[in-house]
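Here is the structure we will look at.
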Amino acid sequence: MDIERVTTDIKRMFQGVQILFVAFGALVIVPLLTGLDPNVALFTGGIGTLLFQVVTRMKVPIFLASSFAFTPAISYGGATWGIPSTFCGLAVAGLFYVVLSAVIRVFGIEVTTRIFPPVVVGPVICIIGLSLAPVAVSMVLGMDGGVQVVPVETALILAGASLLTTLVVFTFGKGW
């Protein structure tokens, strides 16, 4: 038995499990948090991934999904202007991504780092995370939309186990 092949297969297995959890979070949890239909996210994520793989000739192993970055904007847009207007806003954001990718293709990645330097991107990511903190806290406490769906003790045990697993993998899984 080839030990290198087994090691590669084990790494791929863990990468597959990782993308499963990432895709589940992005394609099911984000729509549920924002009041949208997870079926739409699953369908469009699949179509987007297939198109991406065709365009890149399968050179980038990635699955496209929703982004937690849009959660506050989608929630606000849905509550303020309704779902149809929110979908239009999401479509415009998607078109912006297409335009941005064309700019990067023509001028290179340097143009984006000039427009969006790390000193700008870092705080924006922090603001997104902080705006989602109340949602995370309510989920850790077993609540969904102000309703207790899981007993607090059970929810805290699950959240603690998830955090511990993340820390162990992050600490000892270097190079994967």
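Note that the structure is predicted; figures quoted are calculated from it, not measured.
Put simply, Ile47 and Val54 are part of two different groups of oily side chains (I, L, V, M, F, W, Y) that touch within less than 4.5 Å, one to the next. A continuous path of hydrophobic side-chain contacts links Tyr97 to Leu90 [ILVMFWY only; heavy atoms under 4.5 Å]. In the hydrophobic cluster analysis, where Ile, Leu, Val, Met, Phe, Trp and Tyr join through side-chain heavy atoms closer than 4.5 angstrom, Trp81 is grouped apart from Val92. The cluster map of Ile, Leu, Val, Met, Phe, Trp and Tyr, joined by side-chain heavy atoms under 4.5 Å apart, puts Ile74 and Phe96 in the same cluster.
Across all non-hydrogen atoms, the minimal contact from Leu27 to Gly45 is CD2-CA, 4.4 Å. The nearest pair of heavy atoms linking Val150 to Gln148 is O-NE2, 2.6 Å. In this structure, Ser101 and Val98 approach most closely via the heavy-atom pair OG-O, 2.7 Å. The shortest heavy-atom contact between Ala159 and Val140 is CB-CG1, 3.8 Å.
Although no hydrogens or angles enter the test, the distance criterion places no donor-acceptor pair under 3.5 Å between the side chain of Thr34 and the main chain of Ser75. Between the side chain of Thr112 and the backbone N or O of Ile109, at least one donor-acceptor pair lies under 3.5 Å. A donor-acceptor contact shorter than 3.5 Å is absent between the side chain of Gln53 and the backbone of Lys59.
More than 12 heavy atoms of other residues, nucleotides or ligands lie within 6.0 Å of CZ in Phe52, so this atom counts as buried by the packing criterion. Atom CE of Met13 has more than 12 heavy atoms from other residues, nucleotides or ligands within 6.0 Å.
Pro38 has its side chain within reach of Leu32: a pair of non-hydrogen atoms, C-beta onward, lies under 4.5 Å apart. Put simply, the side chain of Leu95 does not reach to within 4.5 Å of the side chain of Val99, judged on heavy atoms. Annotation: side chain of Phe87 is in contact with side chain of Leu36 (closest heavy-atom distance under 4.5 Å).
Applying the side-chain contact (heavy atoms from CB on, under 4.5 Å) criterion to Leu158, with sequence neighbours excluded, gives Thr154.
Here the CD1-CD1 distance, from Ile3 to Ile10, works out to 7.5 Å after rounding to the nearest 0.5 Å. How far CG of Leu51 is from OG1 of Thr44: 11.0 Å, rounded to the nearest 0.5 Å. Residue Arg12 holds its CZ atom at 12.0 Å from OG1 of Thr7, rounded to the nearest 0.5 Å. Atom CG of Leu167 and atom CZ of Phe172 lie 10.0 Å apart (nearest 0.5 Å).
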Exercise answer: donor-acceptor pairs, residues 116-139 side-chain atoms, under 3.5 Å, sequence neighbours excluded:
| from | atom 1 | to | atom 2 | distance (Å) |
| --- | --- | --- | --- | --- |
| Ser131 | OG | Ile127 | O | 3.3 |
| Ser131 | OG | Ile128 | O | 2.8 |
| Ser138 | OG | Val135 | O | 2.9 |

